[in-house]
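Quantities reported herein were computed from a predicted structural model and do not represent experimental measurements. A note on names: the letters A, B, ... follow the listed sequences, proteins ahead of strands, and every chain is numbered from 1. Only this structure's heavy atoms are used, side chains among them; waters, hydrogens and symmetry mates stay out.
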Protein chains: 2
Amino acid sequence: MGAVVTGAALAREQSRITVRDLPDKPGVVHGLFRELAEAHVVVDMIVQNVATEGLADVSFTVDDDDLPSALEIATRAARSQGAGEVIHASDLAKVSVVGSGMKTHTGVADRMFAALADARINIQMITTSEIKISVLVDQQFAAEAMKAVHAVFDLHVVPADLRFS
Amino acid sequence: MGAVVTGAALAREQSRITVRDLPDKPGVVHGLFRELAEAHVVVDMIVQNVATEGLADVSFTVDDDDLPSALEIATRAARSQGAGEVIHASDLAKVSVVGSGMKTHTGVADRMFAALADARINIQMITTSEIKISVLVDQQFAAEAMKAVHAVFDLHVVPADLRFS
Ligand SMILES: C[C@@H](O)[C@H](N)C(=O)O
Ligand SMILES: C[C@@H](O)[C@H](N)C(=O)O
């Protein structure tokens with residue numbers, strides 16, 4: 001497979017905040033993120049899957065350092081939007097693979113999933129764009145996950161913290 | 001905000017398949033996507049949020065035309081992975097905004113959410129990368145959603161189906 005995937009990236013020290021049971025109605029997710037934006041909290045991954053019985057969970061990641069203020073804001077905003085509980089976790093790592101060839105090749109995501117499966121690393125969250133696949137894993141598996149994705153895509157080892165957009 | 005967001009894109013005629021209650025253990029999502037990859041099904045968005053009580057939902061999108069075969073494969077693979085129900089929907093549209101400036105500006109996602117909120121358009125799924133935010137909406141709101149994001153980010157109208165990576 002000629003360089004379909006051209007690089008990998010790792011972001012350590014990530015925290016994840018999940019707001020459960022947000023009402024699946026227009027404007028609700030804006031009600032949550034408006035307050036984070038006004039407080040200039042830098043949010044990285046945002047994930048929402050489809051609602052179940054009219055309620056949806058929304059998760060987002062921030063740097064570990066920003067967790068206390070992000071959590072306070074998210075808890076307040078969740079209450080104002082009539083959401084359920086707000087849960088969080090820290091010491092997570094985002095592992096990504098990038099490559100413009102993904103658009104025209106099937107199975108790239110599965111090769112990444114297979115590499116992590118073989119390494120017995122659990123995938124906590126997944127987001128994708130046409131040229132990038134990101135997963136959230138426990139930070140203790142970050143180096144192993146990077147090694148696994150470098151191997152499956154024949155990538156030369158890049159400095160772990162080099163970010164690809 | 002000098003051109004933080006430089007463009008928007010629309011992909012119509014999307015279908016969404018959701019596999020509910022996948023066991024949150026290493027290798028399970030590979031078990032689902034391996035079969036789709038082997039059948040050369042072109043998958044676009046993949047979204048997984050964190051598990052609840054050890055079970056996670058995974059959704060992915062395909063072109064409407066590919067739904068029958070993708071659904072058959074996903075239903076078989078879900079059963080082999082011990083998942084719960086498989087649900088789906090068609091006639092959806094993916095609306096995205098792109099811009100390398102997002103990495104250094106807070107609040108871009110919320111401006112998109114605010115634009116859709118003001119247009120009373122419900123967001124069904126969200127996925128992000130550092131330079132792109134994508135949401136899944138009902139296709140009947142596709143044109144309105146594109147108009148709303150063009151307005152809020154001062155974008156000149158681009159041909160709706162022009163894809164940005
Ligand atoms: C759940 C949340 O995304 C809701 N559907 C909204 O549009 O705001
Ligand atoms: C749910 C699924 O993603 C599982 N955590 C896995 O790693 O395969």
Indicate if [X] and [Y] have the same hydrophobic cluster label, given that clusters are the connected sets of ILVMFWY residues with side-chain heavy-atom separations under 4.5 angstrom.
| X | Y | answer |
| --- | --- | --- |
| M45(B) | V41(B) | no |
| V42(B) | V108(A) | no |
| V47(A) | V19(B) | no |
| L92(B) | L71(B) | no |

So which atom in A37(A) and which in G107(B) form the shortest heavy-atom distance, rounded to 0.1 Å? CB-CA, 3.7 Å
What's the shortest heavy-atom distance between G27(A) and A117(B), and which atoms?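 Looks like CA-CB, 3.4 Å.
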Interface residues of residues 135-143 of chain B facing chain A - non-hydrogen atoms under 4.5 Å apart: none
With a 4.5 angstrom heavy-atom cut-off, could you sort out which part of [X] is near chain B: side chain, backbone, both or neither?
| X | value |
| --- | --- |
| V58(A) | backbone |
| I123(A) | both |
| A56(A) | neither |
| V43(A) | neither |

Checking an interface table here. Which of residues 73-84 of chain A come within a heavy-atom distance under 4.5 Å of chain B?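 Residues qualifying by a heavy atom under 4.5 Å from chain B are absent, so none.
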Are [X] and [Y] side-chain neighbours, meaning at least one heavy-atom pair lies under 4.5 Å?
| X | Y | result |
| --- | --- | --- |
| V29(B) | I126(A) | yes |
| P26(A) | I121(B) | no |
| H30(A) | L116(B) | no |

[atom1]/[X] to [atom2]/[Y] distance, rounded to the nearest 0.5 angstrom?
| X | Y | atom1 | atom2 | result |
| --- | --- | --- | --- | --- |
| M112(B) | F33(A) | CE | CZ | 12.5 Å |
| S96(B) | E130(A) | OG | CD | 6.0 Å |
| Q124(A) | D24(B) | CD | CG | 7.5 Å |
| K25(A) | R120(B) | NZ | CZ | 9.5 Å |

Most chain A-contacting option - heavy-atom pairs closer than 4.5 Å, from M125(B), E38(B), M102(B): M125(B)
Residue, of L36(B), D118(B), I87(B), V50(B), that accumulates the most heavy atom pairs under 4.5 Å with chain A: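 Heavy-atom pair counts peak at V50(B).
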Identify, with sequence neighbours excluded, every residue that meets salt bridge (charged side-chain N to carboxylate O under 4.0 Å, His left out) alongside D21(B). none
Given 3.5 Å as the limit, does a donor-acceptor pair link the side chain of Q48(B) with the main chain of T127(A), or not?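 No: the side chain of Q48(B) does not pair with the backbone of T127(A).
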Run through I133(B), D110(B), T128(B) and flag the one making a side-chain contact (heavy atoms from CB on, under 4.5 Å) with I46(A). T128(B)
Pair listing, side chain to side chain donor-acceptor pair (under 3.5 Å) test, anchored in residues 50-59 of chain B, at least two apart: R20(A)-T52(B), N49(A)-S59(B), T18(B)-S59(B), R20(B)-D57(B)
